[in-house]
Amino acid sequence: MSSMEHIGLVASVIMPLFNVPLIVQIIRRRSSADISMAWLWGVWICSLLMAFSGFTSKDFVWRCFTIVNLILFTGVVVAVCKYRK
């Protein structure tokens, strides 16, 4: 792997980690009222549809991003649905 690929790999794992503060904020407030359901389902469905490309790609960075992003954004979906009033 080249140094640029290493940087891409690190970024592909770090970027989805920004979902964690959102999940924590929802849990602390016990509310997800400020999250648009259209946005939530739109992003999650698009992520699911793109995941097939990521799972079958030979590009290791894209595969890593797909897996980490899908797991963490699914966490956002679960937190929003659980704390929706």
Side-chain angles (χ1 to χ4, degrees):
M1 279 181 111
S2 70
S3 60
M4 292 305 288
E5 289 173 321
H6 279 98
I7 292 169
L9 178 60
V10 169
S12 75
V13 173
I14 291 173
M15 189 176 117
L17 290 177
F18 285 96
N19 287 313
V20 174
L22 178 59
I23 295 168
V24 170
Q25 179 185 24
I26 291 168
I27 293 170
R28 278 189 190 154
R29 289 182 315 173
R30 298 191 180 283
S31 173
S32 63
D34 60 333
I35 306 291
S36 163
M37 294 303 279
W39 172 82
L40 178 81
W41 292 112
V43 172
W44 192 65
I45 289 168
C46 288
S47 293
L48 276 176
L49 295 173
M50 290 188 316
F52 298 109
S53 168
F55 294 150
T56 59
S57 175
K58 293 180 183 181
D59 184 2
F60 186 66
V61 173
W62 176 237
R63 273 186 297 168
C64 286
F65 173 76
T66 300
I67 293 166
V68 175
N69 189 55
L70 196 57
I71 290 168
L72 289 176
F73 200 78
T74 299
V76 172
V77 170
V78 169
V80 168
C81 290
K82 181 177 180 180
Y83 291 101
R84 196 69 178 181
K85 294 182 181 182

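For the single chain, residues carry numbers from 1 onward in sequence order. Computation of the quantities below employed the complete heavy-atom set of this structure, encompassing side-chain atoms and omitting hydrogens, waters and symmetry-equivalent molecules.
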Same hydrophobic cluster for [X] and [Y], using side-chain heavy-atom links shorter than 4.5 Å among ILVMFWY?
{"X": "Ile45", "Y": "Phe52", "result": "no"}
{"X": "Ile71", "Y": "Ile14", "result": "no"}
{"X": "Met37", "Y": "Val43", "result": "yes"}
{"X": "Ile27", "Y": "Val77", "result": "yes"}
{"X": "Leu17", "Y": "Val24", "result": "yes"}

Would a 4.5 Å heavy-atom cut-off, applied to side chains only, mark Arg84 and Cys81 as touching? no
Just so I know, are the side chains of Leu70 and Met50 near enough to count as touching, which here means a heavy-atom distance under 4.5 Å? no
Locate the shortest heavy-atom distance separating [X] from [Y]; write the atom from each residue and the value.
{"X": "Ser31", "Y": "Ala33", "answer": "OG-N, 3.2 Å"}
{"X": "Leu40", "Y": "Phe73", "answer": "O-CE2, 3.7 Å"}
{"X": "Ala79", "Y": "Ile23", "answer": "CB-CG2, 4.2 Å"}

Short side-chain to backbone donor-acceptor contact, [X] and [Y], under 3.5 Å:
{"X": "Ser32", "Y": "Ile35", "answer": "no"}
{"X": "Ser12", "Y": "Leu9", "answer": "yes"}
{"X": "Ser57", "Y": "Ser53", "answer": "no"}

Could you label the plane-to-plane angle of the Trp41 and Trp44 rings as parallel, tilted or perpendicular, counting under 30° as parallel and over 60° as perpendicular? perpendicular
Member of Val76, Asn69, Thr74, Val68 meeting the side chain to side chain contact (heavy atoms under 4.5 Å, CB included) criterion with Leu72: Val68
side-chain contact (heavy atoms from CB on, under 4.5 Å) partners for Ser3, two or more places apart: none
Answer yes or no: are there more than 12 heavy-atom neighbours, outside Phe55 itself, under 6.0 Å from its atom CZ? yes
For Met1, look at atom CE and say whether over 12 heavy atoms of other residues, nucleotides or ligands are found less than 6.0 Å away. yes
CZ-CD distance between Phe60 and Glu5, expressed to the nearest 0.5 angstrom: 10.5 Å
